[in-house]
Protein chains: 2
Amino acid sequence: MPEPADTAWLRTVAHEVRSFDRSSTAERVAELLRSRVIEGDLPPGTRLSEEQLVEVLHVSRNTLREAFRLLTHEGLLVHRLHRGVFVPQLDEDDLVDLYRLRRTIECDVVRRLEGLDAVRLRPLHDAVAAGEDAARRGDWGAAGTANMRFHQQLVALAGSRRIDETTARLLAELRLAFHAVAVPQRLHEPYVSRNRALLDLLTAGEVEQAAKELEAYLHDSEAELRAAHRDRVGTGP
Amino acid sequence: MPEPADTAWLRTVAHEVRSFDRSSTAERVAELLRSRVIEGDLPPGTRLSEEQLVEVLHVSRNTLREAFRLLTHEGLLVHRLHRGVFVPQLDEDDLVDLYRLRRTIECDVVRRLEGLDAVRLRPLHDAVAAGEDAARRGDWGAAGTANMRFHQQLVALAGSRRIDETTARLLAELRLAFHAVAVPQRLHEPYVSRNRALLDLLTAGEVEQAAKELEAYLHDSEAELRAAHRDRVGTGP
DNA sequence: CCTAGGGAGTTGTTGAACAATCCCTCAAGG
DNA sequence: CCTTGAGGGATTGTTCAACAACTCCCTAGG
């Protein structure tokens, strides 16, 4: 088989792989890297080499850099001029900042809720059930995922696109902090039942009560995470 | 003068112009476009042609596209695959959504404030004074700018980087809506004195009262802007 | 009037090239 | 021994030119 034809075939296949869906290549690369960062495969502090990723992902440097830019603005990567992009290492101030915004959005959303019914609460119910199931199995990774879903669905009740997006960024960044600490059970276990309690309050229509509980909940969660973070720094390198 | 030397000289000068400060070329291009969009020079719906801007700004397409990406994530441009970037045309749902998030953030920030003093309120005071001055002069563009500054400084009292950033995006997007309507006086005039009233409440330490006033304030502002927006659509193309 | 299809023009992506910067090493000097 | 500074290698920043892929508009045909 002649060489040029072979090359052309490869390019065609490559394109099919690249653009099967309606998003751009950069967006798909970003999605891939996003999942790696969120899943914790790339620990905080890791530098993402352009050369290396270009080689592995079979995209051009320009496209890769566009993907970097996307993730940088989601807070999942940090860009240092002339030094490259890194998986961020959140410090305790970042945790405070993240929980500050989190309390603002989540508590306010809950407090303003009205006209709740079983249908609207269904996604929340599913997330709580998934969390309980994961906890029973001892799968604390899944429990963490379910917890994130619970909070995302909680703010989704506000019906605001921008609140959803802001929360998504927020929770994604928070995941980085969770991966930085070693003990998932300690961080996730108490909140399985508290999510259930929160859902019960919402089902009863007690939004003010739910907002207060959520406030305390987030306060406790922040304290727990900060403590775990400090421990890790203490025993670190 | 030989041609190659001439080219080299131009490149050197071009680089001096490009990197006099510590930011990247893309960031400076973004800053330029940002001001054009925010000032209303580029009306909503305008398409920004890559070809044309590359010609005018003397940067490469890649750099320009990185600038686009920056502004897209600020909500100041929208990117449609294979169609280019546009100045967004906000519809009434967007206005509702923006004010929804705005009420959540601003009111909650105010409600949680404590330990206020004259020093911390100084930036707010300056913004109010600038607004009053602009109103006296009948400069409603400046009044709008001062108003934005007031609200940005208001949330800055929370001392949270991420709240600041979220608010900045929010207000920048809201500016687009202001430009889409024709009557700046009607939109800005009532809020010069209401900003003053809000500042007085904060100076007195009445945060709960201030939060309630801000809630009503934003409600009125939203209604006003939506009405102006509907008028414009009615008399539109 | 509606629908297919065929350019023309614009964006998406690539790969190579060069400039600018960072970081590590190593040697000279205090 | 420690500090300081000058290479040099590796990586990022930016540009350019080419081609692929897509959208939009216009036209021909039903």
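Lettering follows sequence order; numbering is per chain, from 1. Computed over heavy atoms, backbone and side chain alike; hydrogens, waters and symmetry mates excluded.
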Inset, instruction - Return the value, rounded to whole Å, for the distance between atom CD of B:Glu50 and atom C1' of C:dT13. - result: 12 Å
Inset, instruction - Could you state the atom-to-atom distance from CD of A:Glu55 to C1' of D:dT11 in whole Å? - result: 16 Å
Legend entry - Shortest non-hydrogen contact from B:Ala158 toward B:Ile163: CB-CD1, 4.3 Å
Legend entry - B:Arg47 side chain near C:dT10 phosphate (N/O to OP1/OP2, under 4.0 Å): no
Legend entry - Residue pair B:Thr166 / B:Arg162, side-chain donor-acceptor N/O under 3.5 Å: no
Legend entry - Euclidean distance, atom CZ of residue A:Phe86 to atom P of D:dT11 [Å, nearest integer]: 12 Å
Legend entry - Distance in angstrom units between A:Leu64 CG and C:dA16 C1', rounded: 16 Å
Legend entry - Under 3.5 Å donor-acceptor pair, A:Arg61 side-chain atoms to D:dG13 base atoms: yes
Inset, instruction - Give the rounded distance in Å between these two atoms: CG of A:Leu81 and P of C:dC23. - result: 11 Å
Inset, instruction - For D:dG13, take OP1 and OP2 only and decide whether either is under 4.0 Å from a side-chain N or O of B:Thr63. - result: no
Inset, instruction - Compute the ring centroids of B:His188 and B:Phe178, then answer whether they are less than 6.0 Å apart. - result: yes
Inset, instruction - Assign each of B:Asn62 and B:Glu51 to its nearest nucleotide of DNA chain C by heavy atoms, then name whichever residue's nucleotide is nearer the 5' end. - result: B:Glu51
Inset, instruction - Write down the distance between CG (A:Leu70) and P (C:dG12), rounded to a whole number of angstrom. - result: 12 Å
Inset, instruction - Could you give me the CA-CA distance, side-chain angles and deciding distance for A:Glu106 and A:His151, then say whether side-chain hydrogen bond (donor to acceptor under 3.5 Å, both in side chains) is met? - result: CA-CA 8 Å; A:Glu106 293 196 33; A:His151 288 276; 2.7 Å; yes
Inset, instruction - Measure from the side-chain heavy atoms of A:Arg65 and tell me the nearest of D:dT15, D:dG13, C:dT13. - result: D:dG13
Inset, instruction - Would you please confirm or rule out a distance under 4.0 Å between OP1 or OP2 of C:dG12 and any side-chain N or O of B:His79? - result: yes
Legend entry - Value in whole Å for how far the C1' atom of D:dA10 lies from CZ of A:Arg83: 15 Å
Inset, instruction - Please tell me which of A:His82 and A:Val54 maps to the more 5' nucleotide of DNA chain C, matching each residue to the nucleotide holding its nearest heavy atom. - result: A:Val54
Inset, instruction - Run the salt-bridge test on A:Arg103 and B:Asp108 with the 4.0 Å N-O cut-off and return the result as yes or no. - result: no
Inset, instruction - In whole angstrom, give the distance that lies between atom CZ of A:Arg80 and atom P of C:dT21. - result: 18 Å
